[in-house]
2 protein chains.
Amino acid sequence: MILMTLNIEQTFKAIADPTRRAIIGLLAEKERAAGDVARRFAISRPAIAKHLKILREGGIVVTRRDGRERFNRLNPEGLKMIFDWIAHYERFWDEKLLSLKKAAEKGKEG
Amino acid sequence: MILMTLNIEQTFKAIADPTRRAIIGLLAEKERAAGDVARRFAISRPAIAKHLKILREGGIVVTRRDGRERFNRLNPEGLKMIFDWIAHYERFWDEKLLSLKKAAEKGKEG
DNA sequence: TTGACATGTAACTAAAAGATTACATATAAA
DNA sequence: TTTATATGTAATCTTTTAGTTACATGTCAA
């Protein structure tokens with residue numbers, strides 16, 4: 001069993017790049033071999049290999065090996081970490097939700 | 001009225017930096033003058049001024065002028081943009097929610 | 001076993017990011 | 001009207017990032 005210290009810093013850096021977000025979009029459809037991912041971009045295959053590594057280190061992607069191929073798929077951990085961080089500020093844009101929450105705390109509907 | 005083309009790219013870059021995320025945390029408490037923000041960090045005041053500018057350009061912070069001070073506060077737009085992006089992948093970590101949604105679509109409880 | 005394929009890493013380069021100091025501008029206070 | 005305060009910007013430097021080409025490794029197919 002491999003234990004990874006999932007650094008939130010790495011996760012935020014991972015999603016900051018547009019190419020990596022595009023990769024995330026591709027992997028949301030289905031898992032894909034590294035080459036399959038690379039084929040869909042104009043940049044070189046090694047560049048994509050590095051992006052995949054960064055996504056892996058950010059806890060956003062996990063890789064499964066099958067023969068000479070490495071299949072990449074989305075990992076819940078990383079994206080959830082970002083979601084939790086941002087959800088913490090939800091009240092700033094969802095006033096309605098805020099009042100609902102307050103009402104719930106009071107034990108009556110808002 | 002000022003129209004800003006809110007670039008999602010800038011927004012993701014804005015939250016990628018740890019100092020800027022710390023600033024977001026501070027502004028979540030209350031609006032603060034630029035100097036008030038700067039005082040809480042070890043780095044120079046101009047560095048913070050730049051971070052605030054980046055947050056502003058990312059649609060995460062808006063600034064209100066009062067005399068010689070500039071009060072900064074969180075702006076819903078930017079963070080909501082990130083939230084919407086990430087919420088799009090919610091199903092990857094919240095299987096339960098997914099089944100609830102599916103059940104709702106079918107018109108019966110899950 | 002030889003050759004092709006799939007992938008990752010090393011070395012290097014160019015561009016972007018984050019910080020600093022110096023300076024300019026606007027407003028409050030003496 | 002001086003002086004001090006609050007802030008933003010310019011010029012500059014260093015580090016990090018994203019990309020490239022060359023190369024090493026491992027696996028499948030002849």
Report all side-chain donor-acceptor pairs from residues 75-83 of chain A shorter than 3.5 Å, counting only partners two or more places apart or in another chain.
from    : atom 1 : to      : atom 2 : distance (Å)
A:Asn75 : ND2    : A:Gly59 : O      : 2.9
A:Lys80 : NZ     : A:Asp84 : OD1    : 3.0
A:Lys80 : NZ     : A:Asp84 : OD2    : 3.0

Short question: side chain of [X], backbone of [Y] - any donor-acceptor pair under 3.5 Å?
X: A:Arg40; Y: A:Asp36; result: yes
X: A:Arg56; Y: A:Val62; result: no
X: B:Asn72; Y: B:Arg32; result: yes

Rounded to whole angstroms, how far apart are [atom1] on [X] and [atom2] on [N]?
X: B:Leu52; N: C:dG18; atom1: CG; atom2: C1'; value: 14 Å
X: B:Glu9; N: C:dA16; atom1: CD; atom2: P; value: 12 Å
X: A:Ile15; N: D:dT17; atom1: CD1; atom2: C1'; value: 16 Å
X: B:Leu55; N: C:dG18; atom1: CG; atom2: C1'; value: 13 Å
X: B:Glu69; N: C:dT25; atom1: CD; atom2: C1'; value: 16 Å
X: A:Glu57; N: D:dA18; atom1: CD; atom2: C1'; value: 15 Å
X: A:Asn72; N: C:dG8; atom1: CG; atom2: P; value: 7 Å
X: B:Ile43; N: C:dG18; atom1: CD1; atom2: C1'; value: 8 Å

Partners passing side-chain contact (heavy atoms from CB on, under 4.5 Å) against [X] (at least two apart in sequence or in another chain):
X: B:Ala38; answer: B:Arg45, B:Ile48
X: A:Ala47; answer: A:Ile43, A:Ser44
X: B:Ala49; answer: none

Angle between terminal axes - the helix from C:dT1-D:dA30 to C:dA30-D:dT1, 5 pairs each end, rounded to 10°: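 About 20° separates the two local helix axes.
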
Interface with DNA chain D, restricted to residues 20-38 of chain B and to heavy atoms under 4.0 Å: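 DNA chain D contact set from residues 20-38 of chain B: B:Ala33, B:Ala34, B:Gly35.
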
Selection residues 12-32 of chain B - residue pairs positive for ring-ring contact (aromatic ring centres under 6.0 Å, His included), sequence neighbours left out: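 Listed once each, the pairs are B:Phe12-B:Trp85.
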
Contact list for residues 27-73 of chain B, test ring-ring contact (aromatic ring centres under 6.0 Å, His included), sequence neighbours left out: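 Sorted pair list comes back empty.
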
Set of side-chain hydrogen bond (donor to acceptor under 3.5 Å, both in side chains) partners for A:Lys13, sequence neighbours left out: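 Per chain and number, A:Lys13 pairs via side-chain hydrogen bond (donor to acceptor under 3.5 Å, both in side chains) with A:Glu9.
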
A:His51 vs D:dG19: side-chain N/O to OP1/OP2 distance below 4.0 Å: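 Answer yes for this pair, as a side-chain N or O of A:His51 is under 4.0 Å from OP1 or OP2.
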
Polar atoms only, N or O, under 3.5 Å: list the protein pairs with nucleotides 24-30 of chain D and their distances.
from   : atom 1 : to      : atom 2 : distance (Å)
D:dG26 : O3'    : A:Arg65 : NH2    : 3.0
D:dT27 : OP1    : A:Arg65 : NH2    : 3.1

ILVMFWY network linking B:Val37 to A:Phe92, side-chain heavy atoms under 4.5 angstrom: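 Yes: a chain of side-chain contacts under 4.5 Å links B:Val37 to A:Phe92.
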
Selection residues 58-73 of chain A - residue pairs positive for salt bridge (charged side-chain N to carboxylate O under 4.0 Å, His left out), sequence neighbours left out: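 Only A:Glu31-A:Arg64 qualify under salt bridge (charged side-chain N to carboxylate O under 4.0 Å, His left out).
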
5'-most by nearest nucleotide on DNA chain C - B:Ala16 or A:Pro46: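 Closer to the 5' end of DNA chain C: A:Pro46.
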
Residue A:Ser44, side-chain heavy atoms: nucleotide from D:dA18, D:dG8, D:dT21 that is nearest: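 Nearest listed nucleotide: D:dT21.
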
Proximal nucleotide (of C:dA19, D:dT9, C:dG8) relative to the B:Thr19 side chain: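 For B:Thr19, the side-chain atoms sit closest to C:dA19.
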
Nucleotide N/O of nucleotides 12-16 of chain D paired with protein N/O under 3.5 Å:
none

Contact check, side chains of B:Ile23 and B:Leu55, non-hydrogen atoms, under 4.5 Å: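 Touching, per the 4.5 Å side-chain cut-off.
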
Matching residue for A:Ile24 among A:Thr19, A:Val61, A:Leu74 - test: side chain to side chain contact (heavy atoms under 4.5 Å, CB included):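 Checked A:Thr19, A:Val61, A:Leu74 against A:Ile24; only one passes side chain to side chain contact (heavy atoms under 4.5 Å, CB included): A:Leu74.
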
